[in-house]
Engineer: 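Below is a structure I'd like to ask you about.
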Protein chains: 2
Amino acid sequence: MAQPIPLQKDPSQADRALLGIRDLVFRGEFKAGERLPELALVELLGVSRTPIRAALQALAEEGLLEASQPTGYTVRGFSETEIADAIEVRGTLEALAARMAAERGVSGSYLAAMSDCLDRIEELLAKAKPGRDFLAQYSQLNNQFHEMLVAASGSEIVARALARASSLPFAGHNAFVSIQGRIPGSLEIFRAAQRQHREILEAIEARSSARVEPLVKEHARIAHKNLQLVLQNNEAMKNLPGAPLIRRRP
Amino acid sequence: MAQPIPLQKDPSQADRALLGIRDLVFRGEFKAGERLPELALVELLGVSRTPIRAALQALAEEGLLEASQPTGYTVRGFSETEIADAIEVRGTLEALAARMAAERGVSGSYLAAMSDCLDRIEELLAKAKPGRDFLAQYSQLNNQFHEMLVAASGSEIVARALARASSLPFAGHNAFVSIQGRIPGSLEIFRAAQRQHREILEAIEARSSARVEPLVKEHARIAHKNLQLVLQNNEAMKNLPGAPLIRRRP
DNA sequence: TGAATACAAATTGTATACAATTTTGGAAGC
DNA sequence: GCTTCCAAAATTGTATACAATTTGTATTCA
């Protein structure tokens, strides 16, 4: 099962470089298509070239940057279609994970833990209205449920593939949660998602692999709908982390 | 569309390190679970630590190595189940690519090029018996068809995810082709695969997204069967590149 | 004026020195 | 005999010097 937080002592320079560069890109300090000169990053982040290079390589693997010809790295931009495809890939792999969980079976205690997680989400939805705290808590619980779902597959290989697919900007399950407070009717979206969570868990409990697969795929389509909503809402776009990476339709 | 060969002038030290380490691991010079000290690799490959480190990082991303606690890298071993899962992930993503191709449509000239590729495979199967040349040619053409299939999806995101999934040892479509000459009845396996290739192409031509998805998944199961055959055949195991990475069932 | 070339600046690739950390081996103490 | 601690060795993390390459710019020649 995956260790959610590796619990590291003090962050290395390489970690600082990774987080620092990702932050610079997400904040739009470097725009899509722009080069990232190593020395500029050394200046901005205060670490030497060695960890900077390691971070650039990692971010290129992650998909945020791309190696440019004949050398160096540039910021990658994402079209609406590309983001939709990334969500589709994530949903497909999540569905595979859920199917495996249903086929291979999950222990009663683990199912109970997943159900507990859903209970807490319901509690949250019952009493709270969208706001700062609410969104942070929902995001955390939603994340936990999805982590547990993948772990339930029992396959490290699938978990790995899924983690990679989810690391693309806007592809993860919480990509749009942080700004749903600004979108009208978002509470109803959360409620719909939660109903799907229950159905997914029930299908796994019933070992119904044929049913759980389309359920998870459908669940991933919420992200799709959120993408559409955000793109039509300028106010939301301003507050979406990484918004400068999105290539709007010409 | 993906550039199969980046056409680089002379290989960098980093490239040499990457290929060199992969080769050492596939040949079993370092066994599963064993550490890869940087200085040992410097000695063996004759390049300095900087490109060695870049290569280690890349190979860990690829899945061949894993970062070990609290530092360094070790060779990753693969159980039979893990290899089966990797094939399943690859098949799932390939099916997604094919479905997208069917949904979005593929130009007539591209379909014709894919058909040409299949014609050449048929020609090869008609006249040749399994042997050195035959396997190399089949492998090349099989690879070409699968590359074209992914490209037909029109999605770089999916192509990327698939390339990563296929880079895990034994997960690619040609993983077991090189030793099929040693397995009795292999020609019949190739013929069955080719019949599936035709059906897949016909389904895409007919824009039948619902039909192409299970066809591609079924096609990927050939790799599954080949895995079983190889594991039961000691002679074949000896000639399988990367065989030392496989953790046999205890 | 425009193109070609040579020179300068910027940038990345590589090697290596040094720092920090982890592991190892053994001696001392219980 | 076993554990504990410390020092030495091994190993990785980081910074930086130098080399090789690419890019930009100015100057010269047609």
Side-chain angles (χ1 to χ4, degrees), chain A residues 3 5-25 29-76, chain B residues 3 5-25 29-76:
Chain A
Q3 218 80 335
I5 294 155
L7 182 59
Q8 56 203 10
K9 29 192 82 171
D10 40 29
S12 64
Q13 297 292 72
D15 294 334
R16 255 192 283 279
L18 190 83
L19 296 174
I21 296 170
R22 187 152 44 202
D23 193 54
L24 287 168
V25 171
E29 300 287 324
F30 292 90
K31 306 249 191 304
E34 198 174 344
R35 274 180 71 105
L36 293 163
E38 293 174 6
L39 287 176
L41 298 170
V42 167
E43 285 274 316
L44 285 166
L45 302 174
V47 300
S48 76
R49 279 181 63 211
T50 305
I52 294 280
R53 296 190 112 236
L56 289 170
Q57 189 183 334
L59 289 168
E61 270 300 328
E62 185 175 307
L64 185 62
L65 310 179
E66 60 192 347
S68 62
Q69 298 308 330
T71 167
Y73 293 96
T74 59
V75 177
R76 174 156 181 185
Chain B
Q3 218 80 335
I5 295 154
L7 181 60
Q8 55 203 11
K9 29 192 81 172
D10 39 29
S12 64
Q13 298 291 71
D15 294 334
R16 256 192 284 278
L18 189 83
L19 296 173
I21 296 171
R22 188 152 43 201
D23 193 54
L24 287 168
V25 171
E29 301 285 325
F30 291 91
K31 306 251 190 301
E34 198 174 344
R35 274 180 72 104
L36 293 162
E38 293 174 6
L39 287 176
L41 298 170
V42 167
E43 285 275 317
L44 285 165
L45 302 175
V47 299
S48 76
R49 280 181 61 211
T50 305
I52 293 281
R53 295 188 114 241
L56 288 171
Q57 190 183 334
L59 289 168
E61 270 299 329
E62 184 175 308
L64 185 62
L65 310 179
E66 62 192 346
S68 61
Q69 298 308 333
T71 168
Y73 292 95
T74 58
V75 177
R76 174 156 181 184

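Within every chain, numbering begins at 1; the chains are lettered A, B, ... in the order of the sequence lines, protein sequences first and strands thereafter. As the structure is a prediction and not an experimental result, all values here were calculated from the model.
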Engineer: Could you pull out the closest heavy-atom pair between A:A58 and A:L18, with the gap in Å?
Structural biologist: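 Looking at all heavy atoms of both residues, the shortest contact is CB-CD1, 3.8 Å.
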Engineer: Nearest whole Å is fine: how far is C:dT12 C1' from A:L56 CG?
Structural biologist: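 Rounded to the whole Å, the gap is 11 Å.
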Engineer: Among the nucleotides C:dA15, C:dT14, D:dT14, which one has an atom lying closest to any side-chain atom of B:A14?
Structural biologist: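 In terms of side-chain proximity for B:A14, the closest of C:dA15, C:dT14, D:dT14 is C:dT14.
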Engineer: In whole angstroms, how far is the P atom of D:dT12 from the CD atom of B:Q57?
Structural biologist: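 Spelled out: CD on B:Q57 to P on D:dT12 is 14 Å.
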Engineer: Show the nearest heavy-atom pair for residues A:G46 and A:Q13, with the distance to one decimal.
Structural biologist: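 Taking every non-hydrogen atom into account, O-NE2, 4.5 Å.
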Engineer: Whole angstrom is fine here: how far is it from CD in B:Q69 over to P in C:dT21?
Structural biologist: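 The distance from CD of B:Q69 to P of C:dT21 comes to 16 Å, rounded to the nearest Å.
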Engineer: I want to verify a distance call: between C:dT14, D:dT14, C:dT23, whose nearest atom is closest to the B:P70 side chain?
Structural biologist: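 Of all the options, the side chain of B:P70 is nearest to C:dT23.
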Engineer: Taking only heavy atoms on the protein side, list every residue of residues 34-46 of chain A lying under 4.0 Å from any atom of DNA chain C, sorted numerically.
Structural biologist: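 Contacts with DNA chain C under 4.0 Å: A:R35, A:L36, A:P37, A:E38.
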Engineer: By the side-chain hydrogen bond (donor to acceptor under 3.5 Å, both in side chains) test, which pairs, at least two apart or in different chains, include something from residues 31-50 of chain A?
Structural biologist: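 Residue pairs passing side-chain hydrogen bond (donor to acceptor under 3.5 Å, both in side chains), neighbours aside: A:E38-A:R49, A:E38-A:R53.
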Engineer: Can you tell which of A:V75, A:L19, A:L44 makes a side-chain contact (heavy atoms from CB on, under 4.5 Å) with A:L24?
Structural biologist: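 Running side-chain contact (heavy atoms from CB on, under 4.5 Å) over A:V75, A:L19, A:L44 with A:L24 returns exactly one hit, A:L44.
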Engineer: Please list each protein N or O that sits under 3.5 Å from an N or O in nucleotides 16-20 of chain C, with the distance.
Structural biologist:
{"unit_1": "C:dT16", "atom_1": "O4", "unit_2": "B:T50", "atom_2": "OG1", "d": "3.4"}

Engineer: Check whether any side-chain N or O of A:Q57 sits under 3.5 Å from a backbone N or O of B:Q57 as a donor-acceptor pair, and report yes or no.
Structural biologist: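 No, because the side chain of A:Q57 does not come within donor-acceptor range (under 3.5 Å) of the backbone of B:Q57.
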Engineer: In Å, rounded to the nearest 0.5 Å, how long is the span from CD1 of A:I21 to OH of A:Y73?
Structural biologist: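 The distance works out to 10.0 Å.
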Engineer: Which atom pair, heavy atoms only, marks the closest approach of B:A17 to B:V47?
Structural biologist: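 Where B:A17 meets B:V47 most closely, the heavy atoms are CB-CG2, 4.2 Å.
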Engineer: Which value, rounded to the nearest 0.5 Å, describes the distance between A:L56 atom CG and A:L65 atom CG?
Structural biologist: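 The CG atom of A:L56 sits 6.5 Å away from the CG atom of A:L65.
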